[in-house]
> 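Take this structure, written in structure tokens, and hold onto it; I'll ask about it next.
Proteins get letters first, then strands, A, B, ... in listed order; numbering begins at 1 in each. What you see below is based on every heavy atom in this structure, not just the backbone, and it leaves out hydrogens, waters and symmetry mates.
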Protein chains: 2
Amino acid sequence: MTERKPRKDAVRNRAAVLEAADTLFARCAGPADITMADIAAAAGVGKGTLFRAFGDRTGLIRALHETRLAPLRDAVAQGPPPLGPGTPPLRRVPALLDAVLCFKLDNRHLALALEEAGSGSPYEAGHYDRWHALLRDELERVPGLTDGSFAAHALLAATRADLVEHLAGRQGMTREDLRARLAEFTARVLGDGRRS
Amino acid sequence: MTERKPRKDAVRNRAAVLEAADTLFARCAGPADITMADIAAAAGVGKGTLFRAFGDRTGLIRALHETRLAPLRDAVAQGPPPLGPGTPPLRRVPALLDAVLCFKLDNRHLALALEEAGSGSPYEAGHYDRWHALLRDELERVPGLTDGSFAAHALLAATRADLVEHLAGRQGMTREDLRARLAEFTARVLGDGRRS
DNA sequence: GACGATACGGACCCCGGGTCCGTATCGCAA
DNA sequence: TTGCGATACGGACCCGGGGTCCGTATCGTC
């Protein structure tokens, strides 16, 4: 009903813009360095096209992000353990967080751009609620944790793009190093087997 | 040497601007809603004055923040326990985090403005390094914690202004509620006495 | 009260996000 | 193949906000 098939040039241009934006964001220091006009030029289209296709800057970045995120979402929704459903919480939670961290490491520029694009926080616009709900549900099944919701917020906060950027970028921390430290921290929150 | 005493009207205007900016930020929904011109007008000065006194927008917000933060800094640097030095880590760390949380609750607008003002993250511009170093040093004396630095980052991330805003503002979470949940989370990270 | 130093203020500039509309392209149908 | 509505294109244009500049007013000192 509300479906109208788009014209060919429209989809081609859309793809070109996405492509150009991705490489531009990847190449530059900060997301603020590249303007809409830059993207349009790099994609070989006019600004109008760009805004018609994505609405506004945030829309573009969201679309880009969404594209990259799809595989991970699928893996979480219906993939095999330890990411997929059916895995016991004590094993799934660390896996989820590690996956999120890796995603942000692999897409630093994107995640950064997204957080800085949403008017203010990443908490309103986006996928955040989905991740939080997922984590919360798992955490609530962990014995001893009285508030899964807050723990979920806190753990996700530990994987925020700008923190990752700070540690991995500025501070030269290794990918594996970061993963290990997050894993250790997570284990501690989960109440690792330690007694006394 | 490099010290020259400023003129009276200069200090008066500086104070007026700070005052005006504070009330404006407090009154509006988001920091982005108020412009430099607004602040200048509210303070009854010209834009030039405002920029001469603070350099740029970030400078203004930083100055404001610094003012409000001073008492807390003093309490931490040379106040009585549990905030002051000499307190055992297991008691000081929760106290520090609670203090930070309370500060952000009491100055939501400011903290928010600051995080969004610094070009990108709060990790480059500001006091962050001081807080992190302080926390790290304490955490490294907690038995069982293998990486105090990461833990410090993670715990501070749990008190980030936009998260606080999301929980306390949007989600209507109570001040005491939030404090309790952060305290509980902190305790868990510290390895609370629980045995299996 | 007079004069150099300092600060004031707001008109002005620049840049970037977002819009508009005349023109080009698409795709369907005859 | 041609004709014609619907759809998309592009870049000139607008606007709002951060930051600057300099002629004028104020300060404070001699």
Side-chain angles (χ1 to χ4, degrees), chain A residues 1-21 24-25 28-64 112-120 125, chain B residues 1-21 24-25 28-64 112-120 125:
Chain A
M1 210 40 193
T2 62
E3 280 305 301
R4 312 182 68 85
K5 57 179 175 180
R7 258 167 52 172
K8 271 190 200 166
D9 51 353
V11 302
R12 178 164 29 82
N13 281 329
R14 184 186 171 91
V17 167
L18 247 25
E19 179 70 20
L24 279 187
F25 276 126
C28 290
D33 288 349
I34 75 169
T35 112
M36 293 289 110
D38 290 339
I39 298 176
V45 300
K47 270 175 65 177
T49 300
L50 190 157
F51 279 97
R52 195 172 326 99
F54 300 98
D56 59 6
R57 187 176 228 262
T58 302
L60 205 198
I61 294 174
R62 275 233 280 274
L64 210 42
L112 228 29
L114 184 63
E115 287 196 5
E116 139 168 344
S119 55
Chain B
M1 211 38 192
T2 62
E3 281 302 302
R4 311 183 68 84
K5 56 180 177 182
R7 258 166 54 172
K8 271 188 199 167
D9 51 352
V11 303
R12 180 165 26 83
N13 279 331
R14 186 186 170 90
V17 167
L18 246 25
E19 178 70 20
L24 279 187
F25 276 127
C28 289
D33 288 351
I34 74 173
T35 113
M36 292 291 111
D38 289 341
I39 298 176
V45 300
K47 271 175 63 177
T49 300
L50 190 157
F51 280 96
R52 192 170 331 95
F54 300 98
D56 59 7
R57 184 175 231 262
T58 302
L60 205 198
I61 295 174
R62 274 232 280 273
L64 210 42
L112 229 29
L114 183 63
E115 286 197 6
E116 138 168 345
S119 57

> Expressed as a whole number of angstroms, how long is the span from A:Met36:CE to D:dG11:C1'?
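Result: 16 Å.
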> B:Ala113 and B:Phe25: which non-hydrogen atoms are nearest, and at how many Å?
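The pair with the smallest heavy-atom distance is CB-CE2, 4.2 Å.
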> Of the listed nucleotides (C:dC26, D:dG17, C:dC8), which one gets closest to any side-chain atom of B:Asp9?
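So the nucleotide nearest the side chain must be C:dC8.
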> Answer yes or no: side-chain N or O of A:Lys47 and base N or O of C:dG18 forming a donor-acceptor pair under 3.5 Å.
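Answer is yes: a donor-acceptor pair is held.
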> On DNA chain C, does the nearest nucleotide to A:Ile34 precede the nearest nucleotide to A:Gly48 from the 5' side, or the other way round? Give the residue.
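Nearest-nucleotide comparison on DNA chain C picks A:Ile34.
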> Picking from C:dA7, C:dG17, C:dC26, which would you name as closest to the side chain of B:Ala10?
C:dA7
> Roughly how far, to the nearest 0.5 Å, is CG of B:Leu50 from CZ of B:Arg57?
10.0 Å
> So, taking the atom named CD1 in A:Ile34 and the one named CG in A:Leu24, what distance separates them when rounded to the nearest 0.5 Å?
5.0 Å
> Specify the closest pair of heavy atoms between A:Arg62 and A:Leu114, including all atoms of both residues, with the distance to one decimal.
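Heavy atoms of A:Arg62 and A:Leu114 come nearest at CG-CD1, 3.8 Å.
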> For DNA chain D, please output the secondary structure as dot-bracket, reading 5' to 3'. Pairs are Watson-Crick or G-U wobble, both atom distances under 3.5 Å; mark crossing pairs with [ ], other-strand partners with |, unpaired with a dot.
||||||||||||||||||||||||||||||
> A:Arg12 CZ to D:dT7 P: how many Å, rounded?
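Roughly 18 Å, once rounded to whole Å.
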> Which distance, rounded to the nearest 0.5 Å, do you find between the CZ of A:Arg14 and the CG of A:Asp9?
13.5 Å
> Looking only at the side chain of A:Lys8 (C-beta and beyond, no hydrogens), which of the listed nucleotides D:dG28, C:dG27, D:dG19 gets closest?
C:dG27
> Expressed as a whole number of angstroms, how long is the span from B:Phe51:CZ to C:dC12:C1'?
13 Å
> Can you measure from CG (A:Leu18) to CD1 (A:Ile61) and round to the nearest 0.5 angstrom?
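Going from CG on A:Leu18 over to CD1 on A:Ile61, the span is 11.5 Å.
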> Please give, in whole Å, the distance from C:dA7 C1' to B:Phe54 CZ?
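Those two atoms, CZ and C1', are 14 Å apart.
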> Do the side-chain N or O atoms of B:Thr35 get closer than 4.0 angstrom to the phosphate oxygens (OP1, OP2) of D:dG18?
yes
> Rounded to the nearest 0.5 Å, what's the gap from CG on A:Asp56 to CG on A:Leu60? Could you check?
9.0 Å
> Check the phosphate of C:dC28 against A:Lys5, side-chain N and O only, distance under 4.0 Å to OP1 or OP2. Yes or no?
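Yes, because at least one side-chain N or O of A:Lys5 sits under 4.0 Å from OP1 or OP2 of C:dC28.
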> Would you kindly give the CG-to-P distance between A:Leu50 and C:dG18, to the nearest whole Å?
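The distance from CG of A:Leu50 to P of C:dG18 comes to 10 Å, rounded to the nearest Å.
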> Considering only side-chain heavy atoms of B:Arg7, which listed nucleotide, D:dT20, D:dT7, C:dA5, is closest?
C:dA5
> Take the protein atom CG of B:Asp56 and the nucleotide atom P of D:dG17, then report the distance between them rounded to whole Å.
17 Å
> Answer yes or no: does a side-chain N or O of B:Thr49 lie under 4.0 Å from OP1 or OP2 of C:dA7?
no
> Of B:Gly55 and B:Pro6, whose nearest nucleotide on DNA chain D comes first from the 5' end?
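Closer to the 5' end of DNA chain D: B:Gly55.
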> Supply the atom-to-atom distance B:Lys8 NZ to B:Asn13 CG, rounded to the nearest 0.5 angstrom.
14.0 Å
> What is the separation between atom CG on B:Leu60 and atom P on D:dG19, rounded to the nearest whole Å?
11 Å
> Which nucleotide sits closest to the side chain of B:Arg52: C:dG17, C:dG27, C:dG9?
C:dG9
> Would you say A:Asn13 places a side-chain N or O within less than 4.0 Å of OP1 or OP2 belonging to D:dA8?
no
> Whole-Å distance between C:dG10 C1' and B:Ile39 CD1?
17 Å
